[in-house]
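Have a look at the structure below, then the notes.
Please read all numbers here as calculations on a predicted model, not as lab measurements.
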Amino acid sequence: MATAQAALEGGITILQLREKKAPIPEVLEKGRMIRDLCRKHQVPFIVNDRVDLALLLDADGVHVGQDDIPGRLVRSLVGEDKIVGISAGSMEEAERAVSEGADYLGVGAVYTTLTKGDAGNRSAPA
């Protein structure tokens with residue numbers, strides 16, 4: 001909560017709730033508090049991976065990966081007024097995401113990170 005507050009006060013322009021391991025009731029409670037902070041600061045609130053939680057929290061949008069619900073189905077569930085982000089690791093995935101209704105793409109990883117186990121160094125095309 002303190003991190004979200006500090007980020008909002010620091011001027012972020014969008015906030016994503018990424019909570020993969022906590023129990024659902026805890027995520028809903030935390031999500032409501034963060035959503036309310038985001039609204040106070042007029043910053044869009046996005047939920048990672050979970051369309052159901054995004055809807056329950058009345059989030060501004062949802063971000064999904066390639067192994068989650070396909071973008072076209074996400075768009076049909078959340079409607080045209082919500083933000084849909086989709087991760088893309090290749091040009092083919094990016095083009096498909098856009099054609100399925102993505103408002104933005106998450107691309108990467110550029111560097112290895114301990115916070116995302118499936119991220120790793122990828123060599124750039126020659």
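With Gln66 contributing its side chain and Ser87 its backbone, the two residues share a donor-acceptor pair below 3.5 Å. Of the possible polar contacts, none joining the Asp60 side chain to the Ile46 backbone as a donor-acceptor pair under 3.5 Å is found. Proximity of a side-chain donor or acceptor of Lys30 to a complementary backbone N or O of Met1 within less than 3.5 Å is not detected. The main-chain N or O of Gly79 is found under 3.5 Å from a side-chain atom of Arg75 such that the two form a donor-acceptor pair. Side-chain atoms of Asp36 never come within 3.5 Å of backbone atoms of Met33 as a donor-acceptor pair (strictly under, hydrogens ignored). With Arg50 contributing its side chain and Lys20 its backbone, the two residues share no donor-acceptor pair below 3.5 Å.
Residues Val62 and Leu53 fail the side-chain proximity criterion, which asks for heavy atoms closer than 4.5 Å. By the 4.5 Å heavy-atom criterion applied to side chains, Leu17 and Val27 are counted as neighbours. Contact of the Gln5 side chain with the His41 side chain is registered, since non-hydrogen atoms from C-beta on lie closer than 4.5 Å.
Applying the side chain to side chain contact (heavy atoms under 4.5 Å, CB included) test between Pro44 and each of Thr13, Ile83, Ile12 identifies Ile83 as the sole match.
Heavy-atom contacts from other residues, nucleotides or ligands closer than 6.0 Å to CE of Met91 number 12 or fewer. Within 6.0 Å of CD in Glu92 there are 12 or fewer heavy atoms belonging to other residues, nucleotides or ligands.
Considering every non-hydrogen atom in both Ala102 and Leu105, the closest pair reads CB-CD2, 4.2 Å. Residue Ile69 comes nearest to Val74 through the heavy atom pair O-CG2, 3.5 Å, listed as atom of the first residue, atom of the second, then distance. Here the closest heavy-atom approach between residue Ile86 and residue Gly71 is recorded as CD1-CA, 3.6 Å. Summarising the geometry of Phe45 relative to Gly31, their closest heavy-atom pair is CZ-O, 3.6 Å, with the distance given to 0.1 Å. Annotation for Leu28 and Leu57: closest pair O-CD2, 3.5 Å, computed over non-hydrogen atoms.
To the nearest 0.5 Å, atom NZ of residue Lys82 and atom CG of residue Asp103 are 12.0 Å apart. Within the model, atoms OG1 of Thr3 and CD1 of Ile34 stand 9.0 Å from one another, a figure rounded to the nearest 0.5 Å. Interatomic distance, Glu93 CD to Glu100 CD, rounded to the nearest 0.5 Å: 11.0 Å. Within the model, atoms CD of Glu19 and CD1 of Ile24 stand 9.5 Å from one another, a figure rounded to the nearest 0.5 Å.
Put simply, Leu77 and Val84 are part of the same group of oily side chains (I, L, V, M, F, W, Y) that touch within less than 4.5 Å, one to the next. Val107 and Val64 fall into different hydrophobic clusters, where Ile, Leu, Val, Met, Phe, Trp and Tyr side chains are chained together by heavy-atom contacts under 4.5 Å. Under the 4.5 Å side-chain contact rule for hydrophobic residues, Val47 and Tyr104 do not share a cluster.
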For Arg32 and Asp58, run salt bridge (charged side-chain N to carboxylate O under 4.0 Å, His left out): C-alpha distance rounded to whole Å, both residues' side-chain angles, the deciding distance at 0.1 Å, then the answer. CA-CA 9 Å; Arg32 284 185 200 103; Asp58 190 27; over 6 Å; no

